[in-house]
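Encoded as structure tokens, the structure appears first; notes follow it.
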Amino acid sequence: MTPMLRLYNTLTREKAAFAPIDPTNVRMYACGPTVYDAAHIGNARPIIVFDLLFRLLRHLYGPEHVTYARNVTDVDDKINARALERGITIRALTDGTLAQFHKDIRDLGVLMAEDVNRAGAPVRFIEPRATDHIGEMHRLIEGLVAAGHAYVAEGHVLFDVPSMPDYGALSKRPLDEMEAGARVEVAPYKRSPLDFVLWKPSKAGEPSWPSPCGIDAPGRPGWHIECSAMSWKHLGKTFDIHAGGIDLIFPHHENEVAQSRCCFGTDVMANVWLHNGFLQVEGEKMSKSLGNFITIRQVLDDWPGEVVRLNMLKTHYRQPIDWTLRGLEESSRMLDRWYEAAGEAAPDAAVPGGVVEALGDDLNTPAAIGELHRLAGSDAGALKAGAGLMGFLPTTKAQREAERVGAAGIDVARVEALIAERKAARAAKDWAASDRVRDALTALGVSVKDNKDGTTTWTVAG
Ligand code: AMP
Ligand code: ZN
């Protein structure tokens, strides 16, 4: 039986049943970070959303039947400028930023290459770096020139937009609108204002590689060609799903489509195009100048990664999301409730149908979370299994508690001793002593609960 998955496709503007080209190798690509600075909480959205899609596809088709490539853009104007500013090499900057990015997203419960790829098995999760694919970019660029879709001008290679009759089909922007936008700053060597750069000369101090198409001076690739090269190398000329933030539809994805299709003579680059909506903070667009720019790490300093993940997935991925303190508090309470309900239960072998069904409906995470909420009141094993599919509840209640105690640096022996002292004081009806002990426990960051059965339990104060 074909697994049921419906996805909203930006290319057709419709939700349709997903049918992979090859169900034994479902292939998805997501545009990843440009590694020049710490990633912000908006950047975390596509990472978390498409991680969830990857998990769902692995569940539906089998983990060995899904390949995911999420690239790293490590050549870019912002990277050059930042490396110069900091007086370090570009490689040192991109390596350092990428290492930090990995730490950030691991804490968000995102599947990492080391979780997915097994020794001796085909690589299923790839993080290609642009600078490792200059050879593929050369081949694409030379193929486009040979096919009459690109031309050389003043050390640049440009894509000839009018040579592609259905250019603009993804973003569905009218040609005159795109032209008006492009006319703002038209380089004199462009035949049409819409033409975009595939390769350009490097300025002094910028990274450079030998140029394609017989151009003497060294140069560097344009942004769009990187993703055409990396997706081709790792997923093929045509693949199943291409994903990214909504801001990438035009021009980035439109230009990727133009390059790949015109070079390979194919009808589509990817069959399904998915785009996540934007994140804003407390009702405002996030920006450095407004002072509401938050990095993933800053959020993780205050909240567990699991709370951040839940808070991101509470909103459907195509909707805009408003990132608020209130939302985080709510997500934190929701997780507490789930941990409480799951207790020490082992996950059921089967993931509950309601959760799979909700996610299969264009990743309807609000409905899936609603389903987990329902299961939290009725079935601990099913809750664990459903939550597990979404990357939640990786530990039991007791393990989580132990981790929190460890993280808070609480002296467990001292807490136990104080609780015994409190019990003795209460037995002797010495209320003043009992209150003093309770204050001492509060000072240690512990909250105490007296249970109906006469036992006393404690937790790290939230
Ligand atoms: P960048 O590093 O700016 O190329 O962005 C990396 C990814 O994050 C892209 O898929 C962007 O679309 C996405 N992105 C950037 N800002 C936001 C935001 N505020 N909300 C949601 N996604 C974003
Ligand atoms: Zn891309």
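The shown structure was predicted, so the numbers you read here are calculated from the model rather than taken from an experiment. Indexing begins at 1, ligand by ligand and atom by atom, following the structure's order.
- Ring-centre distance between H138 and H133: not below the 6.0 Å cut-off.
- Geometrically, ligand 1 and G32 share no nitrogen or oxygen pair separated by less than 3.5 Å.
- Between the side chains of R220 and S208, not a single donor N or O lies within less than 3.5 Å of an accepting N or O.
- Using a 4.0 Å cut-off between charged side-chain N and carboxylate O, D74 and R129 make a salt bridge.
- Looking at atom 9 (C) of ligand 1, its nearest protein heavy atom turns out to be L248 CD1, 3.8 Å.
- Scanning the protein for heavy atoms near atom 10 (O) of ligand 1, the closest one is G245 N, 3.1 Å.
- Atom 17 (C) of ligand 1 has as its closest protein heavy atom F278 CZ, 3.4 Å.
- Only the side chain of N276 comes within 4.0 Å of ligand 1, judged by heavy-atom distances.
- Within the 4.0 Å heavy-atom cutoff, G277 counts among the residues contacting ligand 1.
- Of the listed residues (Y61, F125, F239), just one forms a ring-ring contact (aromatic ring centres under 6.0 Å, His included) with Y68, and that residue is F125.
- Looking at E330 and K314, a side-chain N of the basic residue comes within less than 4.0 Å of a carboxylate O on the acidic one, giving a salt bridge.
- Residue contacts with ligand 1 include H40, since one or more of its heavy atoms lies under 4.0 Å from the ligand.
- Closest to atom 2 (O) of ligand 1 among all protein heavy atoms lies T34 N, 3.4 Å.
- Residue H252 approaches the Zn ion (ligand 2) most closely through its N/O/S atom NE2.
- Atoms CD1 and CZ, from I321 and R45 in turn, are 4.5 Å apart once rounded to the nearest 0.5 Å.
- H253 has its ring centre less than 6.0 Å from the ring centre of H275.
- Between D51 and R55, at least one side-chain nitrogen of the basic residue sits less than 4.0 Å from a carboxylate oxygen of the acidic one, meeting the salt-bridge criterion.
- The nearest N, O or S atom of C31 is closer to the Zn ion (ligand 2) than 2.8 Å.
- To the nearest 10 degrees, the angle centred on the Zn ion (ligand 2) between OE2 in E256 and SG in C227 reads 100°.
- Here the protein heavy atom with the shortest distance to atom 14 (N) of ligand 1 is N43 ND2, 3.8 Å.
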